[in-house]
Amino acid sequence: IVDRLRAAGRTEDAVAWIDRAVADGRVTSHGGGNAYWLSPDDVAQTYHGLGRSEDAVAVLRADFVRQPSVPTYRVLLDFAAGIDRADTERTWAFDHARQLASDRYAAGAVLVQLSLSEGDVEAAWLAADRYGPGWAWL
């Protein structure tokens with residue numbers, strides 16, 4: 001629907017459908033960008049183009065919360081760098097990963113992976129020692 005509305009030059013209607021999809025939780029990087037799910041990166045770029053950067057960040061944060069991983073972190077961080085919020089979003093993502101790690105036994109895997117993606121091997125080892133490496137034990 002969104003693609004067809006955009007192709008027809010009906011931008012306002014397309015944005016209304018995007019807002020509806022966001023409200024209904026139909027935005028995900030896992031299979032996003034198809035007939036049923038919208039891509040969070042595309043939604044964020046659309047919102048940013050409309051001057052709705054806070055909404056864009058919220059969509060990318062929600063995707064990271066739904067699927068905490070290095071790829072969703074990188075999309076968030078790359079977007080945040082473009083609006084001069086990289087440090088804020090990095091801090092938020094690591095805080096969220098620490099919360100996940102403290103809530104579940106051996107759930108430090110996300111924190112370990114994020115630390116490694118930043119090239120901080122020492123922080124990765126500290127996270128693994130403190131929270132357990134989970135699936136990131138290798």
Side-chain angles (χ1 to χ4, degrees):
I1 293 173
V2 171
D3 289 340
R4 288 181 178 165
L5 289 169
R6 282 180 173 161
R10 295 174 54 190
T11 304
E12 273 186 42
D13 292 331
V15 171
W17 277 93
I18 290 170
D19 289 340
R20 185 176 172 185
V22 169
D24 289 345
R26 299 290 181 221
V27 180
T28 183
S29 56
H30 183 70
N34 60 33
Y36 189 70
W37 299 97
L38 296 181
S39 162
D41 191 32
D42 183 50
V43 171
Q45 293 303 325
T46 299
Y47 281 169
H48 180 62
L50 296 169
R52 295 173 56 183
S53 295
E54 292 298 322
D55 291 337
V57 169
V59 165
L60 296 174
R61 280 184 174 192
D63 194 47
F64 180 78
V65 167
R66 190 178 306 107
Q67 296 178 139
S69 65
V70 171
T72 56
Y73 169 70
R74 284 289 162 209
V75 170
L76 172 63
L77 213 58
D78 290 346
F79 179 83
I83 59 170
D84 200 28
R85 284 183 54 159
D87 290 338
T88 301
E89 298 313 313
R90 179 181 289 110
T91 299
W92 175 85
F94 272 83
D95 287 347
H96 181 72
R98 273 188 283 283
Q99 183 63 46
L100 288 175
S102 65
D103 286 348
R104 294 181 266 166
Y105 173 74
V110 173
L111 193 53
V112 168
Q113 291 293 311
L114 292 183
S115 297
L116 289 173
S117 78
E118 297 271 312
D120 193 345
V121 176
E122 186 174 327
W125 276 114
L126 290 172
D129 288 344
R130 181 169 183 186
Y131 302 109
W135 51 262
W137 66 273
L138 281 177

Derivation of the salt bridge (Lys or Arg N to Asp or Glu O under 4.0 Å) call for Arg6 and Asp42: CA-CA 13 Å; Arg6 282 180 173 161; Asp42 183 50; 3.2 Å; yes

Once rounded to the nearest 0.5 Å, what's the spacing between atom [atom1] of [X] and atom [atom2] of [Y]?
| X | Y | atom1 | atom2 | result |
| --- | --- | --- | --- | --- |
| Tyr73 | Leu60 | OH | CG | 13.5 Å |
| Leu114 | Phe94 | CG | CZ | 5.0 Å |
| Ile18 | Leu38 | CD1 | CG | 6.5 Å |
| Ser39 | Asp63 | OG | CG | 8.0 Å |
| Trp17 | Ile1 | CH2 | CD1 | 4.0 Å |
| Leu76 | Arg90 | CG | CZ | 10.0 Å |

Please report the closest heavy-atom contact between [X] and [Y], naming both atoms and the distance.
| X | Y | value |
| --- | --- | --- |
| Ser117 | Val70 | CB-CG1, 3.7 Å |
| Ala124 | Ser115 | N-CB, 3.6 Å |
| Ala101 | Gly108 | CB-CA, 3.9 Å |

Qualifying residues under side-chain contact (heavy atoms from CB on, under 4.5 Å), relative to [X], sequence neighbours excluded:
| X | answer |
| --- | --- |
| Asp95 | Thr91, Arg98 |
| Ala128 | Val112, Pro133 |
| Leu100 | Pro68, His96, Arg104 |
| Gln99 | Ser102, Asp103 |

Gln67 backbone acceptor or donor facing Thr72 side chain under 3.5 Å: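 The answer is yes, because a donor-acceptor pair under 3.5 Å joins these two groups.
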
Please identify each residue that fulfils salt bridge (Lys or Arg N to Asp or Glu O under 4.0 Å) with [X], with sequence neighbours left out.
| X | answer |
| --- | --- |
| Arg85 | Glu54, Glu89 |
| Arg4 | none |
| Arg130 | none |

Joint cluster assignment, Val121 & Val110, ILVMFWY side-chain distance < 4.5 Å: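 No; tracing contacts between hydrophobic side chains, which count when under 4.5 Å, never links both residues.
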
Leu111-Trp92 co-clustered via ILVMFWY side chain contacts under 4.5 Å: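 Looking at the clustering, Trp92 is in the same group as Leu111.
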
Pairwise ring-ring contact (aromatic ring centres under 6.0 Å, His included) hits with a residue in residues 43-62, at least two apart: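 Every pair satisfying ring-ring contact (aromatic ring centres under 6.0 Å, His included) with a residue in residues 43-62: His48-Phe79.
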
Sequence neighbours excluded - salt bridge (Lys or Arg N to Asp or Glu O under 4.0 Å) pairs with any residue from residues 19-29: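 Matches after skipping sequence neighbours: Asp19-Arg52.
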
Residue pairs fulfilling salt bridge (Lys or Arg N to Asp or Glu O under 4.0 Å) with at least one residue in residues 71-83, sequence neighbours excluded: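 Of all non-adjacent pairs touching residues 71-83, those that pass salt bridge (Lys or Arg N to Asp or Glu O under 4.0 Å) are Arg74-Glu118.
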
Co-members of Leu126 in a cluster of I, L, V, M, F, W and Y side chains, linked at under 4.5 Å: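 Direct or chained contacts put Leu126 with none.
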
Apart from Leu50 itself, residues in the same hydrophobic cluster as defined by side-chain heavy atoms under 4.5 Å: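 Traced through the cluster, Leu50 reaches Val15.
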
